[in-house]
Enquirer: 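Before I ask anything, here is the structure I am working with.
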Amino acid sequence: MSLQYTPVDEYSSIYDSLQATFAKGTALPLAWRKHQLLQVARMGQENKDAFISALKADLNRPVMETLVELGSAVERAILSAQQLDEWAQPEMVTVPEWQQSWLPTIYKTLLGVVLIISPWNYPVLLALQPLIGAIAAGCPSVLKVSEIADNSASLMTDLLPKYLDPSAFRIINGGPTETTRLLEFKWDHIFYTGNGRVGRIVAAAAAKHLTPITLELGGKSPVFIDDKTDLKVAAQRILWGKTTNAGQICIAPDYVLVPRGSQEALLDVLKEELRSFYPDGALTALGSVPQPMWSPVEKLTSNVLLSNLHCSKDVSPHDVLLEDEIFGPFLPLVPVDDLQEALEYINARPHPLALYVFTHDPQVKQSYPARSGSIIFNDTFQQVAVSGLPFSRIGESGYGSQTMKYTYDRFTHLRSSVDIPLQAEQSLGARYPPYSAENTKIIGVAADLKIPMSNSVDGIVNA
Ligand code: NAD
């Protein structure tokens, strides 16, 4: 299917119409937002077959993997509608007695008009997931879906205005040139999911307007296996995370740090389990992947068939496979002496989005000292099945977290408020000039507060 790009000369009127919707307060009522959220769920559910066909055409996706993607969007839209009242509640702040009459409150207010830019590898969920948060927060939005997954983009372009209020939510289609133009507008938040190179372009464009952004980037997510791990189960769990969507997942296990003595056994069991996953050898999701998608791995492979998973042992830390995110069906095994060497290896590189540790040693679990967006023990990729966990990142894997309430929070302004009654003049009168010695003592009392002994404060052990 060829995707129709939105004419660039329409951008200004789309932007202005969303600003007008914001100004009118269309999205203020929670009931309106809940209806829009449930409409997202209906859009996914009532067009399940169309999404299955679009993702088959875009990524040669097996039905089961598409249902997992679509199901996550449907479920999170419903859960967000159900939990919105609680999220949007104003919060009263605990204050000393003399400030209680001021009613110190945090209101959850609409941030404004936002831009969401999404990638091709999970073209439906990674577009709808931030949109669900923006709807919950009442932010009119432009959704710039990836032009590479063009069948999914065309389908969402057709469906979105049928289900969502078009005065508040619009899709704009285009490639890098068009997105560059979109980035010139002054947005109240930009939510970008994709690679770090473009992430830097988005961050620079946003900085011109001091626009806050969320960056959902990728990177290399390592696996460490300790020598007491059940290798068969570990191999199955690693392969599942590595072969789903043909390894084109931002949190796919990228490489495995394995104790030297276990490497051969791990490679054997990986090959055996791979044969049982894919008896005819070929990964399911690779058949019709368009050329541009292969650019991250293409440079690694001049003559390797990309339709199989390639596991290689004894990969040197300086190998090209260990430079950039692989984002495809290659699994290097890097032998290490022990956990300490694995940690040194990971810590010497950019912080990973996810860190997978196969161990049952409680001490390792409690003290694992490498930094990463998330840490997962004894499985891969499964962390995203937990809707209530933030999908969080650190360092070069981006900033700001998402899913459910965490996405709502990205698009919500915490507006502090106090409402100081006339009667408070009794205690506040002392602040006015001329500053008498007596009033200076009253107002300056906090500077002389008695500092407790460190060992008497909860959580502080040493004096
Ligand atoms: P992509 O090529 O579809 O690009 C993402 C978006 O950026 C698209 O909408 C595209 O039009 C736009 N874009 C491309 N070039 C641009 C430019 N020069 N200026 C402005 N906009 C531009 O997707 P991709 O970046 O190849 O996606 C894969 C990457 O995304 C991987 O690195 C992966 O790890 C990462 N990713 C991260 C997450 C996450 O949640 N953290 C999820 C999925 C993918």
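Both ligands and their constituent atoms are indexed starting at 1 by order of listing. Counting begins at 1 with the first residue of the sequence.
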Enquirer: So, do V223 and F358 sit near enough that their side-chain heavy atoms are less than 4.5 Å apart?
Expert: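 V223 reaches F358 side chain to side chain.
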Enquirer: Counting heavy atoms only, which part of Y192 comes closer than 4.0 Å to ligand 1: side chain, backbone, both or neither?
Expert: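 For Y192, the contact with ligand 1 is made by the side chain alone.
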Enquirer: Can you tell me which portion of I251 lies within the under-4.0 Å heavy-atom range of ligand 1? Options are side chain, backbone, both, or neither.
Expert: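 Looking at I251 and ligand 1, no heavy atom falls under 4.0 Å.
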Enquirer: Could you tell me, atom by atom, which parts of ligand 1 come under 4.0 Å of a heavy atom of I148?
Expert: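 Checking each atom against I148, I get 2 (O).
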Enquirer: Counting only heavy atoms, tell me which of E147, R181, Q248 gets closest to atom 10 (C) of ligand 1.
Expert: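 The option holding the nearest heavy atom is E147.
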Enquirer: Give the numbers and elements of all ligand 1 atoms closer than 4.0 Å to a heavy atom of I117.
Expert: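 In order of number, 6 (C), 7 (O), 9 (O).
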Enquirer: Within the 3.5 Å criterion, strictly below it, is a donor on H189 or T214 matched to an acceptor on the partner's side chain?
Expert: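 Per modelled atom types, H189 and T214 side chains form a pair under 3.5 Å.
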Enquirer: Under 4.0 Å from a heavy atom of T193: which atoms of ligand 1 are those, numbered in the order shown and with their elements?
Expert: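 Those qualifying, in numeric order: 5 (C), 37 (C), 38 (C), 39 (C), 40 (O), 42 (C), 43 (C).
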Enquirer: Taking 4.0 angstrom as the limit and counting only heavy atoms of I201, give me the atoms of ligand 1 inside it, by number and element.
Expert: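 Near I201, the atoms of ligand 1 are 18 (N).
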Enquirer: Under 4.0 Å from any heavy atom of E216, which atoms of ligand 1 are there?
Expert: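 Answer for ligand 1: 37 (C), 38 (C), 39 (C), 40 (O), 41 (N).
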Enquirer: Can you tell which of G194, A153, P130 gets a heavy atom nearest to atom 35 (C) of ligand 1?
Expert: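 Shortest heavy-atom distance from atom 35 (C) of ligand 1: G194.
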Enquirer: Heavy-atom contacts with G218 under 4.0 Å: which atoms of ligand 1 show up? List them by number with element.
Expert: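 The atoms of ligand 1 under 4.0 Å from a heavy atom of G218 are 34 (O).
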Enquirer: Strictly below 4.0 Å, N to O, side chains only: are R200 and E396 in salt-bridge contact?
Expert: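 So R200 pairs with E396 through a salt bridge.
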Enquirer: Would you call G398 a ligand 1 contact, heavy-atom distance under 4.0 Å?
Expert: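 Not so, G398 does not reach ligand 1.
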Enquirer: For W187, run the ring-ring contact (aromatic ring centres under 6.0 Å, His included) check against F22, F411, Y15 and tell me which one passes.
Expert: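 Answer after filtering F22, F411, Y15: Y15.
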Enquirer: How far does CD1 of I376 sit from CD of Q383, to the nearest 0.5 angstrom?
Expert: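 Going from CD1 on I376 over to CD on Q383, the span is 3.5 Å.
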Enquirer: Looking at R181 and E184, is any side-chain nitrogen of the basic one under 4.0 Å from a carboxylate oxygen of the acidic one?
Expert: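 Answer for the salt bridge query: yes.
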Enquirer: Relative to ligand 1, is A149 under 4.0 angstrom through side chain, backbone, both or neither, heavy atoms considered?
Expert: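 The answer is neither.
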Enquirer: In Å, rounded to the nearest 0.5 Å, how long is the span from OH of Y356 to CG of D254?
Expert: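 Y356 OH to D254 CG: 10.5 Å, rounded to 0.5 Å.
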Enquirer: Side chain, backbone, both or neither: which part of N195 has a heavy atom under 4.0 Å from ligand 1?
Expert: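 The answer is both.
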Enquirer: Going by an N to O cut-off under 4.0 Å, is there a salt bridge joining E91 and K108?
Expert: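 Salt bridge between E91 and K108, a charged N being under 4.0 Å from a carboxylate O: yes.
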Enquirer: What atoms of ligand 1 come closer than 4.0 angstrom to any heavy atom of L126?
Expert: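 Close to L126: 42 (C), 43 (C).
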Enquirer: Given L115, which of I190, D188, T211, I213 fulfils the side chain to side chain contact (heavy atoms under 4.5 Å, CB included) condition?
Expert: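 The passing option is I190.
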Enquirer: With a 6.0 Å cut-off on the ring centroids, do F277 and W240 count as close?
Expert: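 That pair fails the under 6.0 Å test.
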Enquirer: Counting each atom of ligand 1 from 1 as listed, which ones have a heavy atom of K144 under 4.0 Å away?
Expert: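 Selected atoms, number and element: 8 (C), 9 (O), 10 (C), 11 (O).
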Enquirer: May I ask you to check whether S118 has an N/O atom sitting below 3.5 Å from an N/O atom of ligand 1?
Expert: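 So ligand 1 has an N or O lying under 3.5 Å from an N or O of S118.
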Enquirer: CZ of R260: more than 12 outside heavy atoms within 6.0 angstrom?
Expert: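 Yes, because the 6.0 Å sphere around CZ of R260 holds more than 12 heavy atoms from other groups.
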Enquirer: Does any N or O atom in L217 lie less than 3.5 angstrom from one in ligand 1, N or O only?
Expert: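 It does: an N or O of L217 is found under 3.5 Å from an N or O of ligand 1.
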